[in-house]
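In listed order, ligands and their atoms are each counted from 1. What you see below is based on every heavy atom in this structure, not just the backbone, and it leaves out hydrogens, waters and symmetry mates.
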Amino acid sequence: MPVNLLDFDLEGLAALCAGLGEKRFRAVQLYRWIHQKGASDFAHMSDLAKGLRGKLAAVAEIRGLPLISEHVSADGTIKWLFDVGGGNAVESVYIPEDDRGTLCLSSQAGCAVGCRFCSTGHQGFSRNLSTGEIVGQLWFAEHRLRQRLALPAGERAIDNVVMMGMGEPLQNYDALVPALRTMLSDHGYGLSRRRVTVSTSGLTRMIDRLRNDCPVALAVSLHAPNDKLRDALVPLNRKHGIDELLDACVRYLDAAPRDFITFEYCMLDGVNDTPELAQELVRLVRGRVPCKFNLIPFNPFPASGLKRSSRERVLAFARVLQDAGIVTTIRKTRGDDIDAACGQLAGEVQDRTNARERLALRRAVIPIAATTGGLL
Ligand code: SAH
Ligand code: SF4
């Protein structure tokens, strides 16, 4: 099978070209054709010598992901479902805003972390996506949108990427980092480090590695101010508790392109949304981690057994944080009419982990904490 050039960052492509006896600047030209012009056919790459085009066609291809469906929401949000083979499909979501376009990408088919409130987690895990499958989502969306929006040459559609779709990006680290490099490269998508965000449920060792290898903006899915509650919501907390996580966040800030960490907090009715828990959160982070909070109203999905906190509860929770001087925003729910909102992405996953059974078991054995109102 020919190699897929979407799998390579610029250094990888330069090494491939060197193997074909070609100079580095040829790799730069090729990379620009692929990512900046959206080319998939070597024959169209007019400034590459015919000989090189022939050599490339013999060993390589530019293979995007087969599109299964495209849904456009009433608010302009677009959700694409891509076939990644083996009965698996993943989703990407484009969220237009007044001043920018954000693309939310998937990193895995399913997710092995199994958070209590997440539809991807409920589906279990099938496999990691390759670099080409991560970049392929951006490659498709950027060039599809340029056409759809009839953008003038040189203007880009997507200026913000968030790794907040299906999967835990830091559990697919080796594929993630080259994908991030292509997003950041001036010859690739030219995105600013501040506008590429990796969201993680808290793999502390991997946060340290990202800090060294490719520091981009970091969002950490916190969801609870203490280990007891977080253990029940985000299972990997039992291995890497909140203390360890906050220490990793502080270390990350040394290299981060922003001087704060974004904490995501999914607002679950009667579970983690009381003013007392907001106060506990203030005591936890104040003076320790420069941060902002992004409160995400829970997006329900069948089988979750959980409810979204009321608007009043979310506002009251935000007020406690804000009164303590912590910048707090409430995420607008976008695209929920097409199941494209946070945590609703489920694609199609051939579960290899028996997630449903494990979750059912966990629900049965977790002692019900007073703070959870008996919902977990
Ligand atoms: N695995 C990574 C990134 C993907 S999830 C992580 O957990 O951070 C992206 C965000 O969506 C996370 O903050 C996650 O907690 C949130 N989320 C998951 N399920 C949700 C739901 N049903 N409603 C609202 N937000 C949800
Ligand atoms: Fe995985 Fe993130 Fe969903 Fe948790 S919230 S199950 S880490 S995708």
Side-chain angles (χ1 to χ4, degrees), residues 90-93 95 102-126 128-129 134 137 161-173 176 196-204 206-207 210 216-224 229-240 245 249 261-269 271-273 292-309 314 329-336 339-347 349 351 353 355-356 358-359 362 375:
V90 298
E91 291 173 326
S92 318
V93 179
I95 306 137
T102 296
L103 186 68
C104 177
L105 297 180
S106 292
S107 56
Q108 299 179 310
C111 182
V113 178
C115 298
R116 177 68 188 78
F117 48 83
C118 172
S119 135
T120 308
H122 273 243
Q123 285 203 309
F125 176 69
S126 178
N128 281 329
L129 299 188
I134 298 172
Q137 299 168 61
V161 167
V162 295
M163 297 299 308
M164 294 184 184
M166 297 167 67
E168 168 49 57
L170 295 185
Q171 274 185 344
N172 185 13
Y173 190 79
L176 174 73
V196 173
T197 301
V198 168
S199 174
T200 180
S201 55
L203 282 105
T204 52
M206 292 300 163
I207 292 176
L210 190 67
V216 292
L218 187 68
V220 171
S221 296
L222 194 57
H223 308 309
L229 184 53
R230 195 165 192 268
D231 282 354
L233 294 172
V234 184
L236 67 72
N237 193 69
R238 289 174 224 160
K239 250 202 220 149
H240 305 285
L245 177 56
C249 290
I261 300 285
T262 302
F263 286 124
E264 294 163 281
Y265 197 101
C266 179
M267 299 294 293
L268 302 162
D269 182 46
V271 175
N272 65 354
D273 64 346
K292 291 187 179 175
F293 270 82
N294 192 215
L295 306 180
I296 317 175
F298 170 64
N299 292 307
F301 57 93
S304 74
L306 296 164
K307 283 196 285 207
R308 174 185 291 187
S309 304
V314 178
T329 49
I330 299 169
R331 190 174 295 173
K332 259 202 278 169
T333 297
R334 299 288 303 262
D336 54 348
D339 281 349
C342 301
Q344 289 184 321
L345 302 186
V349 174
D351 181 27
T353 59
R356 271 173 233 275
R358 279 187 296 113
L359 277 162
R362 200 180 302 138
L375 272 162

request  = Apply side-chain hydrogen bond (donor to acceptor under 3.5 Å, both in side chains) to the pair Glu168 and Ser107, showing each step before the final yes or no.
outcome  = CA-CA 7 Å; Glu168 168 49 57; Ser107 56; over 6 Å; no
Between CG on residue Leu170 and OG on residue Ser199, distance to nearest 0.5 Å = 9.0 Å
remark   = In this structure, atom 2 (Fe) of ligand 2 is nearest to the protein heavy atom Gly167 O, 4.4 Å
inquiry  = With a heavy-atom distance limit of 4.0 Å, tell me whether Cys118 approaches ligand 1 through its side chain, its backbone, both, or neither.
reply    = both
message = Applying a heavy-atom cut-off of 4.0 Å, say which part of Glu168 lies close to ligand 1: side chain, backbone, both or neither.
response = both
remark   = Note: Leu233 and Phe117 closest approach over all heavy atoms is O-CE2, 3.8 Å
query = Are any of the heavy atoms in His223 under 4.0 Å away from ligand 1?
reply = yes
query = Measuring from Met163:CE to Asn172:CG, what's the distance to the nearest 0.5 Å?
reply = 8.0 Å
message = Applying a heavy-atom cut-off of 4.0 Å, say which part of Thr200 lies close to ligand 1: side chain, backbone, both or neither.
response = backbone
inquiry  = Check this for me - ligand 1, Phe117, N or O atoms closer than 3.5 angstrom, yes or no?
reply    = yes
request  = Measure the spacing between OG of Ser119 and CE of Met166 and express it to the nearest 0.5 Å.
outcome  = 7.5 Å
task = Please verify whether a non-hydrogen atom of Arg308 lies at under 4.0 Å from ligand 1.
result = no
ask   = Between Arg308 and Phe298, is there a donor-acceptor pair closer than 3.5 Å when you use the side chain of the first and the backbone of the second?
value = yes
query = So which heavy atom on Ala224 is nearest to which on Tyr265, and how close?
reply = N-CE1, 3.4 Å
Close side-chain approach of His122 and Arg116, heavy atoms under 4.5 Å = yes
query = Is there a nitrogen or oxygen of Gly167 sitting under 3.5 Å from a nitrogen or oxygen of ligand 1?
reply = yes
message = Contact between ligand 1 and Ser304 is defined here as a heavy atom of the residue under 4.0 Å from a ligand atom; is it met?
response = no
query = Can you list the protein N, O or S atoms less than 2.8 Å from atom 4 (Fe) of ligand 2?
reply = Cys115 SG
ask   = Should you measure from each heavy atom of Met163, which atoms of ligand 1 turn up under 4.0 Å away?
value = 3 (C)
ask   = Are side-chain heavy atoms of Leu295 and Asp273 found at a separation under 4.5 Å?
value = no
ask   = Ser119 near ligand 1, heavy-atom distance under 4.0 Å?
value = no
request  = Report yes if the side chains of Val271 and Leu229 come closer than 4.5 Å at any heavy-atom pair, otherwise no.
outcome  = yes
inquiry  = Does any part of the side chain of Ile330, heavy atoms only, come nearer than 4.5 Å to the side chain of Met267, both counted from C-beta?
reply    = no
Residue selection (non-hydrogen contact nearest atom 4 (C) of ligand 1) among Gly165, Ser221, Gly202 = Gly165
ask   = Under 4.0 Å from any heavy atom of Cys266, which atoms of ligand 1 are there?
value = 23 (N), 24 (C), 25 (N)
request  = Go through the steps to decide whether Val93 and Leu103 satisfy the test side chain to side chain contact (heavy atoms under 4.5 Å, CB included), and finish with yes or no.
outcome  = CA-CA 6 Å; Val93 179; Leu103 186 68; 6.0 Å; no
task = Can you measure from CD (Gln108) to CG (Leu176) and round to the nearest 0.5 angstrom?
result = 10.0 Å
query = At a 4.0 Å threshold, what atoms of ligand 1 neighbour a non-hydrogen atom of Ile296?
reply = 13 (O), 24 (C), 25 (N)
